[in-house]
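Read the structure below first, then the notes.
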Amino acid sequence: MDLVIRHGTLVTASDTVTADLGIRAGKIAQVGGALPKAKRELDAAGMLVMPGAIDVHTHMEMPFMGTSTADDFLTGTRAAAAGGVTCLIDFAIQPPQTSLLKTLEIWKQKAEGKATIDYSFHLALTHWDDTIPQQVKTLIELGFPSLKVFMAYKGALMLEDAGLLQLLQTSRELGALVMVHAENGDAIFTLQQQALARNETSPRYHALTRPRIAEGEATARAIALAEIAGAPLYVVHVSCQEAMDAIAAARRRKVPIYGESCPQYLGAISVDNYERPDFEGAKFVCSPPLREPDQAKQLWSGLAGNLLQVVSSDHCPFRMEQKRAGFNDFTLIPNGVPGIETLVPLVWTLGVEAGHISSNRFVDLISTRPARLFGLAPRKGSLTVGADADIMIFDPQREVTLHHTGLHQNLDYTPYEGFRVTGYPATTLSRGDIVWHEGEITAAAGRGELVQRKSFSGD
Ligand code: URP
Ligand code: ZN
Ligand code: ZN
């Protein structure tokens, strides 16, 4: 063996056992039983050994709202490694007059030579044309079987329902999974214009012009279109009861609808932060917006009860000087919060420590289920022999107060400043290589590989 992890408690989506784990040539080679001394050994006594997190919702070096996200594939994946994330799927967003295949090439260039962990892309469609079905077919053949549509961001990324429906029909035929950002873009645009006309310009109006019902309506509409097409659908960043109600009703009808939430909606921060003075509320501007504290409780109930299947970060970082573009007009504040490095400790603290979910459900939500839904299993998302040795050794006792200075994201703040987490990744392995250990990132730029994914085949 190249590396053996000894005395750890192995936690998977289904089991918890105390066993040693051996790694050879980047793969998990043996779980349990007698393992001879290896070239390198890690003592995981008192630690949990889990599959690394798979973050299926990130925005690295993404042009958006007149600027570009502050992490590229180097800084973003270094932060990921430090946070126990061993694979990510980033959104490659189609610029105007650009084909999906060309968009893929643009995003491949961004990642190549930089990524420190494995990665893939979802292609995000911003217009529909008759060449899309053939392009989707090629994308699936190339190992990119998921596509995204924004129902919000009118005048920029938003796609009309006709485009969404045709994409769903195409995906049903070809075996792709369509993802939606579900908020009613027309309603939000109208509310924003009305607010600005009343001279309501501060960050608090971001939330007031994106009401929960705008998310609930769009979620129900996207589900209706998926049902018309007979296609599965994945709803990203679910933030409220109204959206969950639509998903629950569909799942009761046995419609294959899947949902994701993100740590920013799960209890550490809430809508109240938009009231902070001195434009500090801008740090929390993301879409959907932060909601009332009671919504987090509902989301945890959805995550525990399998109404929602995934927690991802929606890592979309902007520095304060970028946020200041919206100082006089909240609609110009770049939408997005950082989160790839804090995903694991926050979900553990808010979910497992708080008693909402078990450690096994935690693994399912952050690794096993996203691997299955997005065609990474059985290569990733489990601790089975033959799988990539993408592993997080997690110290459930370690208490950390989050400060941006202690994080590796390319940012001058974290929305979780001062929040205390219990449980933190001690060591991260990517294909058997130690990429984070004892507070040091040890991953070389460019070692991350582009992973070919399988077509959608359920969860
Ligand atoms: O505010 C957010 N979530 N920004 C990133 C783009 C998106 O909507 O996912
Ligand atoms: Zn979105
Ligand atoms: Zn996003």
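Just follow the structure's listing: the first ligand is 1, and inside any ligand the first atom is 1. Nothing fancy with the numbering, it's 1 onward along the sequence. Here the structure is a predicted model, which means the values were calculated and not measured.
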Taking only heavy atoms of [X], which atoms of ligand 1 are found under 4.0 Å from at least one of them?
| X | result |
| --- | --- |
| H59 | 5 (C), 6 (C), 7 (C), 9 (O) |
| N335 | 1 (O), 2 (C), 4 (N), 5 (C) |
| D314 | 2 (C), 3 (N), 5 (C), 9 (O) |
| H181 | 7 (C), 8 (O) |
| H237 | 8 (O), 9 (O) |
| C286 | 1 (O) |

Fill in: T209 (side chain) donor-acceptor with H206 (main chain) under 3.5 angstrom
yes

Worksheet item: Quick check: does any side chain N or O of D329 sit under 3.5 Å from a backbone N or O of L196, one acting as donor and the other as acceptor?
Response: no

Worksheet item: Mind checking what makes ring-ring contact (aromatic ring centres under 6.0 Å, His included) contact with W300, not counting sequence neighbours?
Response: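 Once residues adjacent in sequence are excluded, the partners of W300 under the ring-ring contact (aromatic ring centres under 6.0 Å, His included) criterion are H356.
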
Discussion item. For atom 1 (O) of ligand 1, what is the closest protein heavy atom, and at what distance to 0.1 Å?
Written reply: S287 N, 2.7 Å

Worksheet item: Which protein heavy atom lies closest to atom 5 (C) of ligand 1, and at what distance to 0.1 Å?
Response: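 I find the closest protein heavy atom is C316 SG, 3.3 Å.
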
Using distance alone, with no hydrogens and no angle criterion, decide if [X] and [Y] have a side-chain donor and acceptor under 3.5 Å apart.
| X | Y | result |
| --- | --- | --- |
| T331 | Q192 | no |
| Q135 | T131 | yes |
| R447 | T116 | no |

Discussion item. Under 2.8 Å from the Zn ion (ligand 3), which protein N, O or S atoms do you find? Ignore water molecules.
Written reply: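 The answer, once waters are left aside, is H57 NE2, H59 NE2, D314 OD1.
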
Discussion item. Centroid separation under 6.0 Å, is that true for the rings of H122 and F374?
Written reply: yes

Item to complete: State if Y153 counts as touching ligand 1 under the rule of any non-hydrogen atom under 4.0 Å.
Response: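 The answer is yes, since Y153 has a heavy atom less than 4.0 Å from ligand 1.
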
Worksheet item: Which residue, E215, E260, H181, forms the side chain to side chain donor-acceptor pair (under 3.5 Å) with H237?
Response: H181

Practice prompt. Applying salt bridge (Lys or Arg N to Asp or Glu O under 4.0 Å), run through K283 and E417 and close with a yes or a no.
Written response: CA-CA 11 Å; K283 292 177 181 172; E417 199 70 42; over 6 Å; no

Practice prompt. Please assess K110 against D90 for the test salt bridge (Lys or Arg N to Asp or Glu O under 4.0 Å), listing each intermediate value before the final yes or no.
Written response: CA-CA 11 Å; K110 289 179 197 263; D90 198 74; over 6 Å; no

